[in-house]
Amino acid sequence: NILAEYKNNTLLNVNYLGLILAYQPIMLINLNLSAIENLKDNSKVIMPSIKYSLDDDINLDIGIFNYTGKNTTEYGKLNNSFFIKALIYW
């Protein structure tokens with residue numbers, strides 16, 4: 001799956017481009033790549049993630065937030081980070 005979105009609001013002075021790519025290579029694994037770019041200052045965040053279904057009621061998500069740009073830009077001033085999330089349903 002591919003989804004793209006463009007947002008321009010002159011009142012708020014924002015100009016963004018977003019992209020989401022999703023792929024399921026096998027039934028238990030979902031791969032995702034999301035990105036948002038601030039078109040005003042050329043900074044961006046790239047967010048790859050993987051979701052693994054451990055069981056019918058348990059999912060494990062692992063991902064990264066990779067911020068790029070100059071230190072004075074919206075995303076360039078942020079530190080890269082990662083996450084691990086377990087979801088349990090009953």
query: Is L3 isolated, or which residues cluster with it under the ILVMFWY side-chain rule of less than 4.5 Å, directly or via members?
result: I20
query: Step by step, would you call I36 with K44 a side chain to side chain contact (heavy atoms under 4.5 Å, CB included)?
result: CA-CA 6 Å; I36 301 171; K44 62 185 70 66; over 6 Å; no
- request: Using a 4.5 Å cut-off on heavy atoms from C-beta on, say whether the side chain of L17 contacts that of E5.
  value: no
- prompt: Are I46 and L33 close enough, and set up right, to give a side chain to side chain contact (heavy atoms under 4.5 Å, CB included), and what steps lead you there?
  reply: CA-CA 7 Å; I46 300 169; L33 178 62; 3.8 Å; yes
query: Side chain of D41, backbone of E74: donor and acceptor closer than 3.5 Å?
result: yes
query: For K70, what residues pass the side-chain contact (heavy atoms from CB on, under 4.5 Å) criterion, not counting sequence neighbours?
result: T72, T73
- request: Report the C-alpha separation of N8 and V14 in whole Å, then their side-chain angles, then the decisive distance to 0.1 Å, and conclude whether the side chain to side chain contact (heavy atoms under 4.5 Å, CB included) test is met.
  value: CA-CA 6 Å; N8 182 16; V14 295; 6.0 Å; no
- request: Each residue besides L11 in its hydrophobic cluster should be listed here, by chain and number; the cluster joins Ile, Leu, Val, Met, Phe, Trp and Tyr at side-chain heavy-atom distances under 4.5 Å.
  value: none
query: Given the rule that I, L, V, M, F, W and Y join up when any side-chain heavy atoms are under 4.5 Å apart, are I50 and M47 in one cluster?
result: no
- prompt: Applying the 4.5 Å side-chain criterion to the ILVMFWY set and letting contacts propagate, would I58 and I26 be lumped into a single cluster?
  reply: yes
- line: Residue set satisfying salt bridge (Lys or Arg N to Asp or Glu O under 4.0 Å) with K7, at least two apart, ordered chain then number -> none
- request: Calculate, to the nearest 0.5 Å, the distance between atoms CG and OG belonging to N32 and S34 respectively.
  value: 6.0 Å
- request: Can you spot which of I2, N1, L31 makes a side-chain contact (heavy atoms from CB on, under 4.5 Å) with L21?
  value: I2
field: Interatomic spacing from CG in N59 to CG in L28 - rounded to 0.5 Å
entry: 9.5 Å
- prompt: Given side chains that start at C-beta, do those of I84 and L60 come closer than 4.5 Å, heavy atoms only?
  reply: yes
field: From N79 atom CG to N66 atom CG, the distance as rounded to the nearest 0.5 Å
entry: 11.5 Å
- request: Could you note down all residue pairs passing ring-ring contact (aromatic ring centres under 6.0 Å, His included) where residues 7-61 supplies at least one of them, sequence neighbours left out?
  value: none
task: Mind running side chain to side chain contact (heavy atoms under 4.5 Å, CB included) on D61 and L87 for me, showing each step along the way?
output: CA-CA 8 Å; D61 292 347; L87 299 171; 4.3 Å; yes
ring-ring contact (aromatic ring centres under 6.0 Å, His included) contacts in which one or both residues fall within residues 67-90, not counting sequence neighbours: F65-F83
